[in-house]
Amino acid sequence: MIVDMHTHFIDFEREVGKQARADLTRSGIPHGLWTYSEEEYLAGTGAADKVVAFGLDAQRTGWNARNDRVADFVARHNEKYIYFASIDPSRDGFMQDLAYNHLELKCRGVKIGPIYQGVHPCDQRYYDIYSYCERNALPIITHMATTFSSGVPLDYARPYHMDQVACDFPGLRLVLAHLGHPWEAEAIAIIRRNSNVYADISALYYRPWQFYNAMRLAEEYGCCHKLLFGSDFPATTTEGSIKGLRGVNDILGSSGLPPIPADTIEAIITRDSLAILFNRV
């Protein structure tokens with residue numbers, strides 16, 4: 001079983017606003033990377049058996065996901081794709097939006113991003129979301145890593161904030177996206193000490209030295225079993241991420257540094273993340 005826990009299903013022309021486009025340009029990220037068809041999305045995630053799909057709703061930084069579009073896509077491909085709703089706590093009526101996505105659009109989980117949405121991770125509005133999700137067994141994927149988007153304090157992306165959340169909501173399954181880069185050590189400390197917190201490894205392999213060190217640290221802390229596979233499509237594909245993970249030791253050469261064990265790598269690729277998050281194990 002290969003589960004891609006982190007893919008973006010976004011309509012660039014309709015959902016990506018002026019600020020987001022300017023941030024992409026400033027950071028040297030081609031707009032074309034985020035401009036893809038449904039067929040290209042299907043192909044890009046083709047190597048996975050199951051795929052979590054979500055948009056990005058973050059009015060503060062110019063992202064305006066249409067959750068209904070993602071839900072419609074998943075409804076047409078529900079043998080493989082799993083719908084997570086993107087909920088922006090800065091929008092009026094966000095709790096009604098969450099309930100609608102849960103009860104009517106049948107989301108299986110929620111995607112948030114404090115560094116995109118301009119709200120501190122421990123803000124009461126997020127706490128309302130955490131509480132609802134804990135009561136209704138909806139896992140949350142939260143962007144806890146740096147980003148190219150501007151105008152929101154980088155502190156909002158620090159993984160250590162989620163340690164307090166994990167303590168306050170022990171029944172809530174949390175996934176820290178991107179292993180908290182560049183604060184991987186923080187993220188590893190948090191997933192190790194909190195039974196309800198995991199991290200995905202999306203968007204990491206193409207920074208090979210940083211990726212190797214993060215994986216080595218997770219191995220030394222004995223928490224690689226808390227790492228979930230994800231690609232961050234369209235930043236890369238499912239297949240590309242699998243190849244990148246399997247190539248994590250390529251950077252070592254004849255350095256003598258200890259490699260990441262092959263069985264650790266394969267366990268991450270084939271881990272049934274959905275069974276973990278939906279408490280079926």
Side-chain angles (χ1 to χ4, degrees), residues 1-9 29-30 33-34 36 40-54 80-82 84 141 143-147 159 175-192 197-277 281:
M1 170 75 76
I2 297 176
V3 180
D4 191 335
M5 281 297 302
H6 197 122
T7 73
H8 298 269
F9 189 79
I29 300 171
L33 179 67
W34 285 86
Y36 51 88
E40 289 170 324
Y41 175 81
L42 289 167
T45 57
D49 298 298
K50 298 287 184 179
V51 179
V52 171
F54 46 74
K80 176 171 179 173
Y81 293 86
I82 299 97
F84 274 41
I141 300 173
H143 183 105
M144 283 289 124
T146 189
T147 180
V175 179
L176 310 184
H178 316 304
L179 193 53
H181 79 85
W183 307 286
E184 291 94 337
E186 281 183 19
I188 288 167
I190 292 163
I191 66 174
R192 180 174 183 257
V197 186
Y198 301 81
D200 77 40
I201 60 162
S202 60
L204 294 180
Y205 79 84
Y206 41 75
R207 298 180 183 92
W209 180 240
Q210 183 180 19
F211 184 38
Y212 165 77
N213 279 275
M215 291 295 296
R216 189 68 239 166
L217 190 59
E219 178 75 16
E220 292 172 0
Y221 268 88
C223 61
C224 286
H225 64 289
K226 303 293 291 291
L227 301 181
L228 311 181
F229 177 76
S231 67
D232 199 32
F233 183 92
T236 184
T237 63
T238 304
E239 182 179 12
S241 294
I242 292 171
K243 290 180 179 178
L245 181 52
R246 286 177 174 156
V248 65
N249 294 315
D250 291 351
I251 195 173
L252 301 182
S254 59
S255 67
L257 289 168
I260 309 302
D263 57 350
T264 295
I265 294 168
E266 294 306 313
I268 294 170
I269 293 170
T270 59
R271 180 158 293 132
D272 189 349
S273 302
L274 299 176
I276 292 170
L277 295 184
V281 292

Practice prompt. Under the side-chain contact (heavy atoms from CB on, under 4.5 Å) rule, what do Leu245 and Phe211 come out as? Steps first, then yes or no, please.
Written response: CA-CA 9 Å; Leu245 181 52; Phe211 184 38; 3.5 Å; yes
Item to complete: Heavy atoms only: give me the nearest Ala47-Ile2 pair and the separation to one decimal.
Response: O-CD1, 3.8 Å
Discussion item. Can you confirm whether Glu239 is buried at CD, in the sense that more than 12 heavy atoms of other residues, nucleotides or ligands lie under 6.0 Å from that atom?
Written reply: no
Response to the item:
Smallest heavy-atom separation, Cys224 atom then Ile268 atom, equals O-CG1, 4.2 Å
Fill in: Between NE2 on residue His178 and CD on residue Glu184, distance to nearest 0.5 Å
11.5 Å
Worksheet, complete the sentence: Rounded to the nearest 0.5 angstrom, the CG-CG distance for Leu217 and Asn213 is 8.5 Å
Worksheet entry | Interatomic distance, Asp200 atom CG to Asp232 atom CG [nearest 0.5 angstrom] | 8.0 Å
Discussion item. Can you confirm whether Met144 sits close enough to Glu186 that some side-chain heavy atom of one is under 4.5 Å from a side-chain heavy atom of the other?
Written reply: no
Worksheet entry | Sequence neighbours excluded, every pair satisfying ring-ring contact (aromatic ring centres under 6.0 Å, His included) that has a member inside residues 227-266 | Tyr36-Phe233, Tyr41-Phe233
Worksheet entry | Whether Lys226 side chain and Val197 backbone form a donor-acceptor pair below 3.5 Å | yes
Fill in: Nearest heavy-atom neighbours spanning Met5 and Leu228
CG-CB, 4.3 Å
Response to the item:
Taken in chain and number order and not counting sequence neighbours, the residues that satisfy side chain to side chain donor-acceptor pair (under 3.5 Å) with Asn249 are none
Worksheet item: In Å and rounded to the nearest 0.5 Å, what is the CG to CE distance from Asp49 to Met1?
Response: 6.0 Å
Worksheet item: Quick one: are Gln210 and Leu204 in side-chain contact, heavy atoms under 4.5 Å?
Response: no
Fill in: Close side-chain approach of Leu277 and Tyr198, heavy atoms under 4.5 Å
yes
Worksheet entry | Contact summary for Cys223 and Ile188, nearest pair of heavy atoms | SG-CG2, 3.5 Å
Practice prompt. In sequence, state the C-alpha distance, the side-chain angles, and the governing distance for Val52 and Thr7, and then conclude on side-chain contact (heavy atoms from CB on, under 4.5 Å).
Written response: CA-CA 6 Å; Val52 171; Thr7 73; 5.7 Å; no
Item to complete: Measure the shortest side-chain to side-chain distance between Pro182 and Thr146 over non-hydrogen atoms and say whether it is less than 4.5 angstrom.
Response: yes
Item to complete: For residues 208-218, pull every pair meeting salt bridge (Lys or Arg N to Asp or Glu O under 4.0 Å), keeping only residues two or more places apart or in separate chains.
Response: Arg216-Glu220
Worksheet entry | Exercise: identify the closest heavy-atom pair between Pro159 and Ile190 | O-CD1, 2.9 Å
Worksheet item: Can Thr45 and Asp4 be counted as having a side-chain donor-acceptor contact under 3.5 angstrom?
Response: no
Discussion item. Whether the Thr236 and Tyr205 side chains hold a donor-acceptor pair (N or O, under 3.5 Å, no angle test) is what I'd like checked.
Written reply: yes
Worksheet entry | Separation of Ile201 CD1 from Ser241 OG (nearest 0.5 Å) | 7.5 Å
Discussion item. If you compare all heavy atoms of Leu274 against all heavy atoms of Lys50, which two are closest, and at what distance to 0.1 Å?
Written reply: CD1-CB, 3.8 Å
Worksheet item: So do Leu227 and Ile191 actually touch side chain to side chain, heavy atoms under 4.5 Å?
Response: yes
Worksheet item: Can you tell me how far the NE2 atom of His8 sits from the CH2 atom of Trp34, to the nearest 0.5 Å?
Response: 4.5 Å
